[in-house]
Number of protein chains: 2
Amino acid sequence: MPYDPSAFPPFAVTVDLVVLTVRRHALCALAVRRGEPPFQGRWALPGGFVRADEDLAQAAARELAEETGLQAHDPAAPVHDHGAHLEQLATYGDPKRDPRMRVVSVAHLALAPDLPAPRAGGDASNARWAPVEELLAQGGYGRDGEPVAPLAFDHAQILADGVERARSKIEYSSLATAFCPPEFTVGELRRVYEAVWNVALDPRNFHRKVTGTPGFLVPTGGTTTRQGGRPAQLFRAGGATLLNPPMLRPEV
Amino acid sequence: MPYDPSAFPPFAVTVDLVVLTVRRHALCALAVRRGEPPFQGRWALPGGFVRADEDLAQAAARELAEETGLQAHDPAAPVHDHGAHLEQLATYGDPKRDPRMRVVSVAHLALAPDLPAPRAGGDASNARWAPVEELLAQGGYGRDGEPVAPLAFDHAQILADGVERARSKIEYSSLATAFCPPEFTVGELRRVYEAVWNVALDPRNFHRKVTGTPGFLVPTGGTTTRQGGRPAQLFRAGGATLLNPPMLRPEV
DNA sequence: AGTGTTTATCGTCAGGCAGACGCCTATGAT
DNA sequence: ATCATAGGCGTCTGCCTGACGATAAACACT
């Protein structure tokens with residue numbers, strides 16, 4: 001039975017990426033500057049069209065690699081292989097979200113360690129890591145006091161949803177290790193939680209919690225003093241992906 | 001600047017619905033029988049094309065109303081208005097998921113009380129509530145011993161994801177009340193948890209937990225004996241949507 | 001009327017976990 | 001040597017949960 005193209009309206013399908021990292025004790029997202037209308041010159045989330053023969057996850061991984069050079073690892077793969085965590089976030093399909101045409105965007109959330117420098121088509125001035133506070137301060141002012149235009153399209157909403165997903169998910173999963181290098185200390189992991197939640201945590205209780213949860217952290221045997229002070233044990237992410245009981249976000 | 005239709009491949013966008021309810025102490029999902037190829041005669045999740053001027057949530061609410069007569073209420077509205085809970089679940093876009101053409105499906109999850117009788121275009125034989133165990137028993141056998149064909153397309157995966165979402169979400173939210181009539185007893189709410197999780201819960205500890213969580217339940221003053229035994233207090237869902245600390249699913 | 005069954009509701013107790021916080025340890029900087 | 005910094009261990013208290021005893025209020029029998 002042939003299918004009837006007039007039976008349904010055609011859509012463009014894109015993937016948009018919320019790429020989060022922790023830099024200088026702040027949760028930052030990758031933003032790219034738009035080179036063409038609409039919203040020319042404004043900051044937006046990286047993204048692009050899904051190709052005809054591509055799965056959604058493949059498209060998101062391809063865009064992530066194009067923008068950052070990061071390899072997304074398979075969700076089924078062990079957490080401590082290199083590369084970023086990538087998961088589907090939500091889909092946005094308001095008929096008016098793109099003034100040109102009907103676009104449905106499948107947003108994805110990626111978590112990466114600090115290392116990579118942005119590279120949007122090789123032009124560094126068109127991509128940057130910006131604190132999410134700054135990107136979400138609609139019509140507010142940036143770090144240097146200049147007024148900041150809100151993100152293009154509905155990307156502020158997408159970013160807010162991605163940030164909330166990350167904030168809640170590190171409560172009950174070992175996902176926070178995706179923000180860390182392959183080997184890290186308990187203090188570095190704690191600073192990740194503090195940056196993502198924007199709170200201060202008790203170092204002693206945090207240490208007790210993460211080292212006392214079986215399968216969460218695996219000691220590598222090494223130590224480091226890269227944070228100053230007494231040498232700290234190095235750990236890798238363990239096999240446990242679910243934290244039970246969860247790490248509780250302090251009340252506000 | 002005119003847009004170039006050759007710059008991206010056209011997609012069909014659909015919504016598929018995982019509609020869950022609790023019947024006879026079992027978690028059930030709405031299934032419809034396919035009237036045309038592919039997968040003709042097989043059971044599938046209800047769904048349909050998103051229209052040209054429709055938001056994704058609108059399309060899902062429209063399909064839900066067409067299939068069940070249920071009104072989806074606004075997520076921002078209070079939980080105790082009538083109608084079903086509806087939220088976006090995930091999006092499925094494998095290039096081969098529909099053999100006819102490239103279809104991206106935005107799956108939604110709906111939770112409804114037991115009351116409604118299925119009606120798929122008025123033909124009851126083409127729609128039914130089936131225990132999720134049965135629908136997910138790929139190639140297994142149904143309640144009456146007959147072999148059951150697996151759901152069409154990737155709908156088994158979608159259903160499994162929806163069930164898992166419901167199972168985890170009632171842990172930390174008041175969503176389980178969406179399975180209940182507007183007024184319900186603590187015991188009825190407990191039987192919802194037991195059906196969704198497929199476990200037995202201690203009635204006394206459950207009672208202590210839900211009545212002790214501020215804002216979760218609001219007594220209406222009435223009582224009922226519709227479950228037999230001693231009369232039970234009736235409650236409505238309170239304003240609290242987040243349960244903190246969460247209701248813990250017993251270990252297996 | 002009495003007895004059993006069912007469901008609801010209140011109470012008790014022990015164990016586990018989290019928050020608050022004291023204290024010692026091991027480095028680098030001055 | 002002394003200080004500053006960060007890591008790591010222990011203690012105490014209060015809250016929550018799981019296990020389970022006991023009572024209460026309805027209905028169905030006999």
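Each chain gets a letter, A, B and so on, in the order the sequences are listed, and its residues count up from 1.
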(request) Check every atom of C/dA20, D/dG8, C/dA8 against the side chain of A/Asn205 and return the nucleotide holding the closest atom. (result) C/dA20
(message) So, OP1 or OP2 of D/dG18: does either fall under 4.0 Å of a side-chain N or O from B/Arg249?
(response) no
(request) Check every atom of C/dT9, C/dA8, D/dA19 against the side chain of B/Arg190 and return the nucleotide holding the closest atom. (result) C/dA8
(request) May I have the distance from A/Leu248 (atom CG) to D/dC15 (atom C1'), rounded to whole angstrom? (result) 12 Å
(request) Would you check, one step at a time, whether the test salt bridge (charged side-chain N to carboxylate O under 4.0 Å, His left out) holds for A/Arg167 with A/Glu194? (result) CA-CA 10 Å; A/Arg167 282 185 173 148; A/Glu194 291 179 331; over 6 Å; no
(request) Report yes if the distance between the aromatic ring centroids of B/Phe235 and B/Phe184 is under 6.0 Å, otherwise no. (result) no
(request) Under 4.0 Å between any heavy atoms, over every strand shown, what does A/Arg226 touch: base, sugar-phosphate, or nothing? Just pick one. (result) nothing
(message) How many whole angstroms separate atom CD of A/Glu188 from atom P of D/dG7?
(response) 8 Å
(message) Checking contacts here: which listed nucleotide (D/dA6, C/dA18, D/dC20) is nearest the side-chain heavy atoms of A/Gln227?
(response) D/dA6
(message) Please report the distance, rounded to the nearest Å, between CG in B/Asn244 and C1' in D/dC15.
(response) 13 Å
(request) Mark yes or no for whether A/Ser173, through its side chain, and A/Leu242, through its backbone, hold a donor-acceptor pair below 3.5 Å. (result) no
(message) Just checking B/Glu133: does its CD atom have more than 12 heavy atoms from other residues, nucleotides or ligands closer to it than 6.0 angstrom?
(response) no
(message) Distance check needed: C/dA18 C1' versus A/Leu201 CG, whole Å only.
(response) 12 Å
(request) Would you indicate whether the side-chain heavy atoms of A/Leu234 and A/Thr223 approach each other to under 4.5 Å? (result) no
Check the interface with nucleotides 23-30 of chain D: list each N/O to N/O pair with the protein under 3.5 Å, or write none.
from: D/dA24; atom 1: O4'; to: B/Arg230; atom 2: NH1; distance (Å): 3.4
from: D/dA24; atom 1: N3; to: B/Arg230; atom 2: NH1; distance (Å): 3.4

(message) Looking at the base of C/dA18, is there any donor atom on it, or on the side chain of A/Asp202, that sits under 3.5 Å from an acceptor on the other one?
(response) no
(request) State, yes or no, whether a side-chain contact exists between B/Tyr92 and B/Asp161 at a heavy-atom distance under 4.5 Å. (result) yes
(message) Between B/His108 and B/Val106 (side chain of the first, backbone of the second, donor and acceptor by atom type, cut-off under 3.5 Å), is there such a pair?
(response) yes
What does the list of N/O pairs under 3.5 Å between the protein and nucleotides 13-16 of chain C look like, with a distance for each?
none

(message) With a cut-off of less than 4.0 Å, is there a side-chain N or O of B/His207 near OP1 or OP2 of C/dA8?
(response) no
(message) With a 3.5 Å distance limit and no angle check, can you tell me whether B/Glu63 reaches the backbone of B/Asp16 through a side-chain donor-acceptor pair?
(response) no
(message) Expressed as a whole number of angstroms, how long is the span from A/Glu171:CD to C/dA18:P?
(response) 13 Å
(message) For the residue pair A/His155 / A/Gln157, report whether a side-chain donor-acceptor contact shorter than 3.5 Å exists.
(response) no
(request) Tell me which nucleotide among D/dC20, C/dA8, C/dA20 gets nearest to the side chain of B/Arg204. (result) D/dC20
(request) Return the value, rounded to whole Å, for the distance between atom NZ of B/Lys209 and atom P of D/dC15. (result) 14 Å
(message) Without decimals, in angstroms, what is the distance between B/Phe206 CZ and C/dT7 C1'?
(response) 14 Å
(request) Could you tell me whether the side chain of A/Arg165 and the main chain of A/Leu89 form a donor-acceptor pair under 3.5 Å? (result) yes
